[in-house]
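These notes are about the structure you will find just below.
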Amino acid sequence: MTDIAERKSAPETISRVVVRFAGDSGDGMQLTGDRFTSASAIFGNDLSTLPDFPAEIRAPAGTVNGVSSFQVQIANHDITTPGDAPSVLVAMNPAALKADLGRLEQGGLIIVNRDAFVERDLAKVGYDTNPLDDDSLVNYRVVEVPMTSLTIEATASLGVKPRDAERSKNFFALGMISWLFSRPREPTLEWITSRFNDDLVRSANTAAFNAGYHFGETTELFDHPFQVLSAHMPPGEYTNITGNVALAWGLVAAGQLAKLPVFLGSYPITPASDILHELSKSKHFGVRTVQAEDEIAAAGMALGAAFAGHLGVTTTSGPGLALKSETLSLAVSLELPMLLIDIQRGGPSTGLPTKTEAADLNIAMYGRHSEAPLPIVAAYSPSHCFHAAIEAARIALKYRTPVILLSDGYIANGSEPWLLPDVESLPDISVEFQEGFNHVAPDGTDEYWPYLRDPETLARPWAIPGTPGLMHRVGGLEKQDGSGDINYTPANHETMVHLRAAKIAGIAADIPPAEIVGDADADVCILGWGSTWAAIDAAVQRTRRSGKKVAWVHLTHLSPLPANLGDVLRSFPRVLVPELNLGQLCRIVRADYLVDAQAVSKVQGLPFTSKELETAIDTALAAVHSSEKGAA
């Protein structure tokens, strides 16, 4: 007799998994990844996501340029990155396999839609032979599933035409992966019911999802399912949130905390448009949104709203930031509170609209004519975007200045679980409008001086139009300090230039000092900003777990920099500055503090992996130790 091994039915418990869904831009991979993520969040996993969109609006179907991917890491412990390399790749067609195979870890699992590997689609991406039939995938475990034909079969009894049924194959894949990793079915089924109004579409997607789930359950292609247990996280109410949604919620909260209406003037641009979409749902919170005819108009509207007593906001990405620079210069001169939110992307010009980069620091710092300094705040994770928006608003309102808030495509579209904050713990950032006269004229009459400054903050008073007796003129021409009258004299201009610069520099006393994470006695310090936070966090943890010492300082405030930053950096023999640009912050700290900081650059439209930064740290540590031996 032949012994037959019983198939394991109990899930194997694993600590983490990285899944990447990849297919044509019309295959619904973003929706598939988002639903798998949501089910995992409800299950209680910690998670981090990386949506990866094609740069073209609609690349030719079946081509590598048209591949849309969604990567998610789920874990039973605290994580900050979507994972360096997927352990599972779901490839819906040959283009997806071609585009993302190089990302997969050796020995990883590939689940392919066998039906899509036909001669025409293989030829489109340059496969001379079918990779499923040759030895090119020998280093991976490959599971071939005829997803298209099984979806058509599962929906046939509903009267769905085969061509329409094909559109539900992503739900078949989602059902199969949900079974493989023991995800609960109910959240996805409930979402399908609420999301699709068309009865036939709703029924087809439900049938496809259930068919995929039961296929995984009954097929002999998988030995057993896996499960990632829930993570031990602080108690409270959580929601899964993207960076752009968190920014929008942060702006709503800032308006409530400031007791001001919020106005957003925005022109749609990838990857910032979601903020406009989300804020437009918040009219009941006193939020007004306008889709302007262009970037310049949007900035002008926001500045006009600030003059009228609103929290004025405009959102954009790199090309739009350049267009708004003249209005920003005017805002610096007027000294009005205004937020410009820049969701950075690959550039210059149109560049890589859907790919991430953090190369707008230079234009944020210097992209205005003359001497026009302003504060810069940088968000570092999807959930931090909420608090970064409030902090940017606090600074803008308290110091009567435009503020640039930097995010990027990685954290804007990425998501993570967020513990909803206690509203009572949020800061009071309310301001008082000027309602009375503040100066006495030489003839003894009371008058209003719009540029009579607070001695502590150097902020000018804020009187909104229509306040009785406080009519005043503002504009781009140079003003007399105090009275605000037009004044062209050399001495006054120099006074005003220094006053505006001193006001911004003084903010350094009102922000937290630079804080060292890790080993204060290390030989190497990592200086980071923005979305590099996730990869740096993972790399620093790995390095320290291996017994090596490393320090890390992460900046939220980029202008002005923390007052103690120079002393902190000078205490380390070597400073590395990882950036998704060619070293923009690195050049600033080298110039300001005369430290031998070294840039670690990446400009591929992709975030750093933790392995890349771990290697950079090891190389720097080896260089320091080598120089110490040479000196001895």
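- With sequence neighbours excluded, the residues that form a side-chain contact (heavy atoms from CB on, under 4.5 Å) with Q73 are R16, V18, I79, T81.
- Shown here for V589 and A597, the closest heavy-atom pair between the two residues is CG2-CB, 3.9 Å.
- Using a 4.5 Å heavy-atom threshold, the side chains of N362 and R587 count as touching.
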- Message: With side chain to side chain contact (heavy atoms under 4.5 Å, CB included) as the criterion, how do L47 and N240 come out once you've worked through the C-alpha distance, each side chain's angles and the decisive distance to 0.1 Å?
- Response: CA-CA 9 Å; L47 56 90; N240 194 48; 3.4 Å; yes
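- For the pair I536 and G528, the tightest heavy-atom approach, listed with the atom from each and the gap, is CD1-CA, 3.8 Å.
- Checking E579 against N581 by side-chain atom types alone, a donor-acceptor pair falls below 3.5 Å.
- If you take CD1 on I404 and CG on D360, they are separated by 9.0 Å, rounding to the nearest 0.5 Å.
- Between the T80 side chain and the A534 main chain, a donor and an acceptor come within less than 3.5 Å of each other.
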- Message: Could you walk me through whether L31 and F70 satisfy the side chain to side chain contact (heavy atoms under 4.5 Å, CB included) test, starting with their C-alpha distance in whole Å, then the side-chain angles of each, then the deciding distance to 0.1 Å, before giving a yes or no?
- Response: CA-CA 9 Å; L31 183 149; F70 189 104; over 6 Å; no
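- Using a 4.5 Å heavy-atom threshold, the side chains of V245 and D274 count as separate.
- A distance of 8.5 Å separates CD1 of I507 from CZ of R394, quoted to the nearest 0.5 Å.
- Counting heavy atoms from C-beta on, the side chains of P94 and K98 never come closer than 4.5 Å.
- Side-chain contact between S559 and M365 is present, with at least one heavy-atom pair separated by less than 4.5 Å.
- Partners of A248 under the side-chain contact (heavy atoms from CB on, under 4.5 Å) rule, at least two apart in sequence or in another chain, are I275, E278, L279.
- Separation of atoms CG (N139) and CG (L137) is listed at 9.0 Å; rounding is to 0.5 Å.
- From Q584, atom CD reaches atom OH of Y366 across 9.5 Å, with rounding to the nearest 0.5 Å.
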- Query: Can you list the steps and then say if F181 with Q227 is a side chain to side chain contact (heavy atoms under 4.5 Å, CB included)?
  - Reply: CA-CA 5 Å; F181 293 104; Q227 68 175 353; over 6 Å; no
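- The shortest non-hydrogen separation linking L97 to P131 is CD2-CG, 3.8 Å.
- No hydrogens or angles considered: a donor-acceptor pair under 3.5 Å links the side chains of D100 and S69.
- A distance-only check finds no donor-acceptor pair linking the side chain of K355 to the backbone of G347 [under 3.5 Å].
- Within the 4.5 Å cutoff, the side chain of L247 has heavy atoms near those of the S407 side chain.
- With contacts defined as side-chain heavy-atom distances shorter than 4.5 Å, the pair P417/T239 does not qualify.
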Output side-chain donor-acceptor pairs under 3.5 Å for residues 374-383, partner residues at least two apart or in another chain, one line each.
{"residue": "S381", "atom": "OG", "partner": "H384", "partner atom": "N", "Å": "3.2"}
{"residue": "S381", "atom": "OG", "partner": "E416", "partner atom": "OE2", "Å": "3.3"}
{"residue": "S383", "atom": "OG", "partner": "E416", "partner atom": "OE2", "Å": "2.6"}

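- If you check the side chains of T242 and S415, you find no donor sitting under 3.5 Å from an acceptor.
- The line from CG of L405 to CD of E391 is 10.0 Å long, rounded to the nearest 0.5 Å.
- Side-chain contact of D567 with Y593: a donor-acceptor pair under 3.5 Å is absent, judged by distance alone.
- With hydrogens and angles left out, the side-chain atoms of R183 and N45 include a donor and acceptor closer than 3.5 Å.
- Side-chain rings of H224 and F226 approach one another, their centers coming within less than 6.0 Å.
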- Item | Audit row: D596, R590, salt bridge (Lys or Arg N to Asp or Glu O under 4.0 Å) steps and yes/no | CA-CA 6 Å; D596 187 20; R590 286 175 65 94; 3.0 Å; yes
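- N244 places no side-chain N or O within 3.5 Å of a backbone atom of L276 that could act as its donor or acceptor partner.
- Here the closest non-hydrogen pair linking L419 and G236 is CD1-CA, 3.6 Å.
- The salt bridge (Lys or Arg N to Asp or Glu O under 4.0 Å) test with D519 is passed by exactly one of K548, R544, K549: R544.
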- Task: For salt bridge (Lys or Arg N to Asp or Glu O under 4.0 Å), just list the numbers for R103 and D52, CA-CA rounded to whole Å, side-chain angles, deciding distance to a tenth of an Å, and then say yes or no.
- Result: CA-CA 13 Å; R103 305 176 190 270; D52 192 358; 3.7 Å; yes
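- Relative orientation of the F21 and F36 rings is perpendicular, given thresholds of 30° and 60° on the angle between their planes.
- In this structure the side chain of H557 reaches within 4.5 angstrom of the side chain of P512, judged on heavy atoms.
- Side-chain atoms of D537 and Q541 form a donor-acceptor pair, as typed in the model, at a separation below 3.5 Å.
- In summary, the aromatic rings of W418 and Y238 are positioned with their centroids too far apart to meet the 6.0 Å limit.
- Between the N564 side chain and the A514 main chain, a donor and an acceptor come within less than 3.5 Å of each other.
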- Which is it for D342 and T316 under the side-chain hydrogen bond (donor to acceptor under 3.5 Å, both in side chains) test, yes or no, and what are the steps along the way? CA-CA 5 Å; D342 175 26; T316 192; 5.8 Å; no
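- Counting all heavy atoms, side chain and backbone alike, F43 lies closest to S182 at CE1-O, 4.3 Å.
- With W552 as the partner, the side chain to side chain contact (heavy atoms under 4.5 Å, CB included) test is satisfied by one option alone out of I526, I617, T543, L576: I526.
- Donor-acceptor pairing under 3.5 Å is recorded for the side chains of Q106 and Y140.
- Aromatic ring orientation, W533 versus H554: perpendicular (interplanar angle above 60°, classes split at 30° and 60°).
- Here the closest non-hydrogen pair linking P187 and I42 is CB-CD1, 3.6 Å.
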- Applying side-chain hydrogen bond (donor to acceptor under 3.5 Å, both in side chains), run through T314 and K324 and close with a yes or a no. CA-CA 9 Å; T314 187; K324 295 179 192 289; 2.8 Å; yes
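- Within the 4.5 Å cutoff, no side-chain heavy atoms of L606 are placed close to those of T356.
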- Message: Pair I111, L89 - check side chain to side chain contact (heavy atoms under 4.5 Å, CB included), show working.
- Response: CA-CA 6 Å; I111 303 174; L89 172 63; over 6 Å; no
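- In this structure, a donor-acceptor pair under 3.5 Å is present between the side chains of S610 and D84.
- If you check the side chains of S317 and Q344, you find no donor sitting under 3.5 Å from an acceptor.
- Here CZ of F572 is found 8.5 Å from CG of D521. Values are rounded to the nearest 0.5 Å.
- Counting non-hydrogen atoms of neighbouring residues, nucleotides and ligands closer than 6.0 angstrom, the CG atom of D422 exceeds 12 such neighbours.
- A donor-acceptor pair under 3.5 Å is absent between the side-chain atoms of E357 and the main chain of V603, judged by distance alone.
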